Enquirer: 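Have a look at this one.
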Amino acid sequence: MKKKLIILFLALVTTLAIDAEDRLLSLPWPILGGELSNSAATSVADINEVLPRMRALGLNTVLVPAYWELMEPTEGHFDFTLIDHTIDVARREQLHVIFLWFGVWKNSMSCYTPAWFKQDTRRFPRAMTAEGKPMEIASCFSDNVLQADLKAFSALMNRVKEKDPQREVVVMMQIENEIGMLESARDHSPLAENIYQKERWAQRYGTDDYADEKFMALYYARYVEHLAKAARQIHDMPLYVNAAMNSRGRRPGEYPSAGPLAHLVDFWQQGAPSIDLLAPDIYDTGFKSWAAQYAMPLRPQDGGKVRNRLFIPESRCCENSGVRALYAFGEHQALGFSPFAIDQATPQETASVTNAYFLLRQISNYLSGPLQRLPVKESSIANMKTWGLLFDQDDKERIINDDGVVMTCRHFFTLPWDSRATDGSVWPEGGAMLIRLGKFDYLLAGSGVVVDFKTPGEKQQEGVKQLGEDGFAEAGGNTVQMSSDKRFKGKRLGLLSVDEVTIADDGAMRFLRRHNGDQTHQGRHARIGVGEWKLLHIKLYDY
């Protein structure tokens with residue numbers, strides 16, 4: 001009997017995994033997104049103004065808040081004017097929409113709950129600190145809180161299904177926003193304390209802040225699971241939760257603790273198996289490190305299910321946003337990228353997004369979307385692989401060994417002749433998506449990068465020599481030889497051609513111009529300058 005139950009359980013896990021992957025594969029790829037600022041869709045006039053502007057910036061998907069307080073201003077009476085109008089205008093503008101349910105929690109707080117909810121704290125109790133101080137955070141242990149939230153969210157899902165039954169516009173839903181506890185690592189209200197004691201949590205996990213955080217993570221996840229299961233029954237589409245990062249050395253309660261953070265993935269996936277994605281909101285430094293934590297690979301114990309696909313619903317909108325998007329898609333085959341408050345960003349900030357999305361749209365035409373079907377670090381269709389490059393003043397080089405081709409990739413300002421590299425200003429980030437199409441055949445899409453190509457033997461034997469822009473040594477006798485044996489051994493790689501190209505909607509690659517001479521440092525490298533956004537088709541040969 002026990003053996004049969006185990007087999008049934010594994011079959012169920014496998015079925016859920018397949019369903020989840022199918023849902024994610026139904027998404028438009030790539031999601032070239034942008035999230036609106038919190039109050040950007042609170043009126044019909046706002047929606048009329050902002051969505052066409054997002055289309056003009058090159059987005060294909062807009063992340064739009066759905067406000068509980070405006071949707072159910074009187075308990076039991078729903079007003080879907082904003083939801084309906086968002087869908088109608090997005091359809092007209094040929095945009096996809098991801099609704100963000102600003103329900104019980106938004107950035108931990110219960111600030112988007114309706115007035116009738118806020119004022120009835122007896123019926124809808126608040127979380128408390130250990131000292132008994134109530135917070136503007138509804139308790140996830142209250143069934144009244146859950147049922148009110150569940151009723152409203154289910155009404156939203158039903159309305160979306162009525163307006164967009166084929167999911168042509170609304171492609172995904174975010175449940176709540178940056179769930180987590182502040183001031184205290186866990187809820188100490190009477191409801192919470194009762195369950196905490198019954199679970200014997202302290203005996204199982206300890207009594208420090210991190211044990212308290214795990215307790216809350218499991219119960220936040222179980223709360224979300226109720227909404228996710230209801231959504232799945234009403235209108236089956238991808239569902240995700242987003243997390244504010246535990247950055248800058250803060251402890252639980254100093255950041256929104258117990259949210260869907262990478263170190264709590266087991267508790268969240270146990271408590272909310274109907275959620276397809278845990279998504280990071282990345283605002284702090286260390287973009288590559290945060291992204292890597294959420295691009296979780298396959299594990300045998302997960303029954304063939306990818307632990308988590310990378311989707312970045314919020315990232316700081318800045319002049320580096322474009323190259324960060326290229327990195328996320330190239331390195332982790334991200335499902336999507338979305339700068340926050342893009343409607344309020346400056347033209348200098350949005351230009352980087354527009355330029356990067358223009359390149360990514362071309363790449364997706366050429367690849368016909370195969371990469372989203374391969375949730376592994378280096379996707380491969382036949383001989384195809386992708387990498388992401390992202391550099392700044394401190395992290396300026398990456399060496400990639402691709403089956404006999406050693407690519408040394410650097411920030412453009414590592415070239416010695418660009419005055420901006422040494423004028424004391426902070427370097428803008430450089431980044432790219434690098435794609436191997438086949439042997440000796442690559443695409444490089446990005447800005448502010450330089451790449452040279454060598455055989456492993458050539459790389460091992462290379463000397464370090466400072467060259468000027470003309471390719472000549474800056475001063476005689478300054479070569480540092482890497483090997484005591486001066487006789488060269490093996491083959492070298494050269495640039496057969498470097499062509500700047502565009503890719504049409506039908507996937508056809510079209511020649512723009514040949515890069516050679518000064519543009520390749522007389523055949524030494526392929527490069528894209530800072531402030532330039534290009535797609536280079538690079539072919540190599542050996543000799």
Side-chain angles (χ1 to χ4, degrees), residues 8-27 31 63 66 68 97-105 140-143 145-161 164-165 167 170-180 214-243 258-262 264-280 294 296 298-299 301-311 313 335-336 372 375:
L8 287 171
F9 174 76
L10 291 174
L12 176 62
V13 168
T14 302
T15 300
L16 289 172
I18 292 170
D19 289 345
E21 285 300 298
D22 285 345
R23 281 192 294 273
L24 295 180
L25 291 174
S26 72
L27 290 168
I31 294 175
L63 283 67
W68 186 9
V97 167
I98 296 172
F99 276 122
L100 318 175
W101 176 234
F102 284 9
V104 163
W105 300 292
C140 69
F141 298 95
S142 166
D143 189 61
V145 169
L146 170 62
Q147 294 306 320
D149 195 1
L150 181 60
K151 180 180 177 182
F153 184 65
S154 297
L156 171 63
M157 292 301 301
N158 274 304
R159 189 63 170 194
V160 170
K161 183 179 181 179
D164 187 34
R167 289 169 39 197
V170 183
V171 296
M172 187 154 59
M173 297 290 292
Q174 175 184 294
I175 300 181
E176 312 296 344
N177 185 84
E178 292 188 358
I179 291 172
K214 292 172 183 175
F215 173 73
M216 286 303 299
L218 181 60
Y219 279 89
Y220 273 135
R222 288 177 176 175
Y223 181 106
V224 166
E225 176 66 7
H226 286 284
L227 275 67
K229 286 179 70 175
R232 192 76 71 218
Q233 292 170 1
I234 296 167
H235 196 29
D236 194 11
M237 67 172 62
L239 305 169
Y240 76 95
V241 284
N242 65 325
L261 293 154
L264 299 170
V265 61
D266 290 337
F267 291 92
W268 268 90
Q269 291 187 338
Q270 175 190 340
S274 297
I275 290 293
D276 298 302
L277 298 168
L278 309 182
Y294 283 81
M296 301 176 189
L298 285 162
R299 299 187 312 177
Q301 61 265 44
D302 294 322
K305 179 183 177 182
V306 180
R307 292 197 81 199
N308 200 63
R309 299 290 303 278
L310 179 63
F311 171 62
L335 292 172
Q372 84 268 37

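The structure presented is a predicted model; accordingly, all values stated were derived computationally and were not measured. Along the sequence shown, residues carry numbers from 1.
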Enquirer: Which residues satisfy the side-chain hydrogen bond (donor to acceptor under 3.5 Å, both in side chains) test with Gln174, sequence neighbours excluded?
Expert: Asn177, Tyr240, Asn242

Enquirer: Quick one: does Tyr294's side chain have a donor or acceptor within less than 3.5 Å of a partner on Asn308's backbone?
Expert: no

Enquirer: About how many Å separate CZ of Phe311 and CG of Asp276, when rounded to the nearest 0.5 Å?
Expert: 12.0 Å

Enquirer: Any donor-acceptor pair under 3.5 Å linking the side chain of Lys229 with the backbone of Ser274?
Expert: no

Enquirer: Can you give me the closest heavy-atom contact between Ala217 and Phe267, atom names plus distance?
Expert: CB-CB, 4.2 Å

Enquirer: Has Glu176 got a side-chain atom pairing as donor or acceptor with Val241's backbone, closer than 3.5 angstrom?
Expert: no

Enquirer: Quick one: CE on Met237 to CG on Asp164, what's the gap to the nearest 0.5 Å?
Expert: 7.0 Å

Enquirer: Hey, what do you get for CD (Gln270) to CG (Leu264), rounding to the nearest 0.5 Å?
Expert: 12.0 Å

Enquirer: Examine distances only and state if a side-chain atom of Trp268 and a backbone atom of Ala258 form a donor-acceptor pair shorter than 3.5 Å.
Expert: yes

Enquirer: What's the shortest heavy-atom distance between Pro313 and Ala279, and which atoms?
Expert: CD-CB, 3.5 Å

Enquirer: So that I can tick it off, tell me whether Asp266 and Arg307 are bridged by a salt bridge, with the cut-off set at under 4.0 angstrom between side-chain N and carboxylate O.
Expert: yes

Enquirer: Search all heavy atoms of Pro238 against all heavy atoms of Arg167 and return the closest pair with its distance.
Expert: CD-NH2, 3.6 Å

Enquirer: Show me the side-chain donor-acceptor pairs of residues 149-157 shorter than 3.5 Å, one per line, residues at least two apart or across chains.
Expert:
| from | atom 1 | to | atom 2 | distance (Å) |
| --- | --- | --- | --- | --- |
| Asp149 | OD1 | Trp101 | NE1 | 2.9 |
| Asp149 | OD2 | Tyr223 | OH | 2.8 |
| Ser154 | OG | Leu150 | O | 2.8 |

Enquirer: Do you know which two heavy atoms are closest between Glu225 and Gly271, and how far apart they sit?
Expert: CB-O, 3.3 Å

Enquirer: Quick one: CG on Leu239 to CG on Leu24, what's the gap to the nearest 0.5 Å?
Expert: 10.0 Å

Enquirer: Roughly how far, to the nearest 0.5 Å, is the CG atom of Leu277 from the CE atom of Met172?
Expert: 6.0 Å

Enquirer: I'd like to check Pro280 versus Leu310 (side-chain heavy atoms, cut-off strictly below 4.5 Å). Are they in contact?
Expert: yes

Enquirer: With side chain to side chain contact (heavy atoms under 4.5 Å, CB included) as the test, would you mind laying out the steps for Leu146 and Asp143 before giving the verdict?
Expert: CA-CA 5 Å; Leu146 170 62; Asp143 189 61; 4.1 Å; yes

Enquirer: Minimum heavy-atom separation for His226 and Arg222, please, with both atom names.
Expert: CD2-O, 3.1 Å

Enquirer: Working to the nearest 0.5 Å, report the span between CE of Met296 and CD of Gln269.
Expert: 7.0 Å

